[in-house]
Amino acid sequence: MHPVSERLRDARERSGLSQADLARAAMMHPSYVSHLERGIRGPGPAALERLAAALGITVTYLEQGERSPAYQASEGAVVRARQLVRSGRPAAAAAELAAVDLDALDVDQAGRVLLAHAEALDRAGELEEACRLLADAARRFTEGHRPLRAAHAAARLVMALTEAGDVVEAVRAGEHHLAALAAAAGGSDQLLRLESTLVWAYVARGDITYALVRGKDLLARALREGSARAVSGVHWNLAFVEDAHGNGEAALAHLRSALAVVGGEEADNDVPLLRLDLAQLLVEVTPPRPKEALAELDAARLALEISESQVDLARAATVRSRAQLLLGQPRSALTSGLKAVELIGPRRRRDGAAAHEALGDALLALGERAAALKAYREAASRLETMPAGRPAAAAWRRLADRLRAAGDSTEAVVETYGRALAVLGVRTTLRRPSAH
């Protein structure tokens, strides 16, 4: 058998193309493609070029596969980058992946590098550049006839755009990719996840009622067509929608359903994050349930530590601090708050707002007003990058209440309440007090 035959067949099958589809795209006779895949004939240079172009891969990959120097170099870069991210050096990981020559790779490996690069940039706080790479990955996968991978990349793009505050583009990109991939990926877990992520983008844009209606319709479809993981993912996103709608108990029910569907196995990467979201909601509902929150955090602790994600570990420490304060343990809450602030570091500004707020709460409970004010002001500086909408308004309002309780100036408190209105697009009539 010709050495190209097996790689040609594998590349065609990954693309979701029939032999006839590939023959049309490469302007060849179907029988010739069949002969190539069976090893009866070997392609010449011109045929290799046309086949590679039709499949979204390189001639070098067809000839050498994973033995090609470019492929091996790129794979080594991905491995090193992941090690750098785990060691807390995401900027170095991004630099490692930026040096990879994507044009020398097939579409699958180029997309793999782009996704890893985007993750490193996200961890380094470079969300705008991460969004650009995710858009490139989604485009390459779509043009290379990889609809499932395209849907996965598009879901990550929508999530990143939402976190970056560009909710209008998040909705536009999500709807565009849903329409483009509906025929090829309809009913797949990846497309359900994309639409589920899009529902959350609508919440961030302020279309909460629409998001709730669409989310419930999506859940019904997931129950009919999706896997257990897809159903869990839709429940997970619906929890955020219900919470934004003010339905705390319904949100808790969705998170518990999401956990039940995946079986609660801590080895599953989603389970510790689900428990973390559940713990956070348990300290925010009325009345709060801090003991239940601590139980969820304890169940997720080992898996979160193994993941080595400083952002997730900081979130866990933040929620633990809140639960401990609710239980009348301000000293323990202070210890957890300090740990959260240390873990989050100076780079991911918005992620640190909640950690500094929790630290301020613990300090205020201990009578350390000056230190509490410092923590709250740091939280305010980190809220600056939070996208406009109801979640941002709630965060600014909560922070204004804390500044007032800590004895900050009337001017600062009024300004912070004004920010809560401003992110909702409301023109406030509040004015700063005069200097005299």
Distance in Å, [X] [atom1] paired with [Y] [atom2], rounded so as to fall on 0.5 Å steps:
X    : Y    : atom1 : atom2 : value
R146 : D108 : CZ    : CG    : 4.0 Å
L212 : I208 : CG    : CD1   : 9.5 Å
L276 : E296 : CG    : CD    : 10.0 Å
N237 : L218 : CG    : CG    : 8.5 Å
T142 : R149 : OG1   : CZ    : 13.0 Å
W200 : T162 : CH2   : OG1   : 9.0 Å

Heavy atoms from other residues, nucleotides or ligands near CD of E305 exceed 12 (cutoff 6.0 Å) | yes
Before giving the answer on salt bridge (charged side-chain N to carboxylate O under 4.0 Å, His left out), spell out for E342 and K339 the whole-Å C-alpha distance, their side-chain angles and the decisive distance to 0.1 Å.
-> CA-CA 5 Å; E342 179 185 2; K339 181 180 179 182; over 6 Å; no
Can you see which heavy atom on A153 is nearest to which on L115, and at what distance?
-> CB-CD2, 4.1 Å
Where do S34 and Q19 come nearest, in terms of heavy atoms and distance?
-> CB-OE1, 3.5 Å
List the residues meeting ring pair (Phe, Tyr, Trp, His ring centres under 6.0 Å) with [X], not counting sequence neighbours, and say none if there are none.
X    : value
H235 : H254
F141 : none
Y32  : none

Show your reasoning for whether salt bridge (charged side-chain N to carboxylate O under 4.0 Å, His left out) applies to E195 and R214.
-> CA-CA 9 Å; E195 187 169 0; R214 185 162 178 175; 3.1 Å; yes
Side chains of [X] and [Y], heavy atoms from C-beta outward: is any pair under 4.5 Å?
X    : Y    : value
L8   : R12  : no
L114 : L102 : yes
R132 : E126 : no
D21  : R24  : yes

Check this for me, if you would: do [X] and [Y] make a salt bridge, where the nitrogen-to-carboxylate-oxygen distance has to be below 4.0 angstrom?
X    : Y    : answer
R172 : E169 : yes
R382 : E357 : no
R140 : D136 : yes
R139 : E143 : yes
D361 : R402 : yes
R256 : E292 : yes
E75  : R112 : yes

Does any N or O in the side chain of T416 come within less than 3.5 Å of the main-chain N or O of A400, such that one atom is a donor and the other an acceptor?
-> no
Is there a donor-acceptor contact under 3.5 Å from the side chain of T197 to the main chain of R193?
-> yes
Start with the C-alpha gap between Y71 and D106, add the side-chain angles, then the distance that decides, and say whether side chain to side chain donor-acceptor pair (under 3.5 Å) holds.
-> CA-CA 8 Å; Y71 185 97; D106 66 287; over 6 Å; no
Test log, rule salt bridge (charged side-chain N to carboxylate O under 4.0 Å, His left out), inputs D270 and R229 = CA-CA 9 Å; D270 285 345; R229 183 175 292 277; 2.8 Å; yes
side-chain contact (heavy atoms from CB on, under 4.5 Å) between Y210 and R205: does it pass, once the steps are laid out?
-> CA-CA 11 Å; Y210 173 74; R205 202 176 73 169; over 6 Å; no
Do R320 and D298 pass the side-chain contact (heavy atoms from CB on, under 4.5 Å) test, and can you show the C-alpha distance, the side-chain angles, and the key distance before you say yes or no?
-> CA-CA 10 Å; R320 187 174 293 276; D298 289 341; 3.0 Å; yes
Show your reasoning for whether salt bridge (charged side-chain N to carboxylate O under 4.0 Å, His left out) applies to R419 and E415.
-> CA-CA 6 Å; R419 293 299 301 272; E415 183 177 0; 5.8 Å; no
Only one of D277, L278, L259, V262 passes side-chain contact (heavy atoms from CB on, under 4.5 Å) with W236; say which it is.
-> D277
Take L127 and L121, measure what side-chain contact (heavy atoms from CB on, under 4.5 Å) needs, and give me the verdict at the end.
-> CA-CA 7 Å; L127 268 176; L121 288 167; over 6 Å; no
CA sep, side-chain torsions, deciding dist, call: L304, L273, side-chain contact (heavy atoms from CB on, under 4.5 Å) | CA-CA 8 Å; L304 289 174; L273 298 180; 4.2 Å; yes
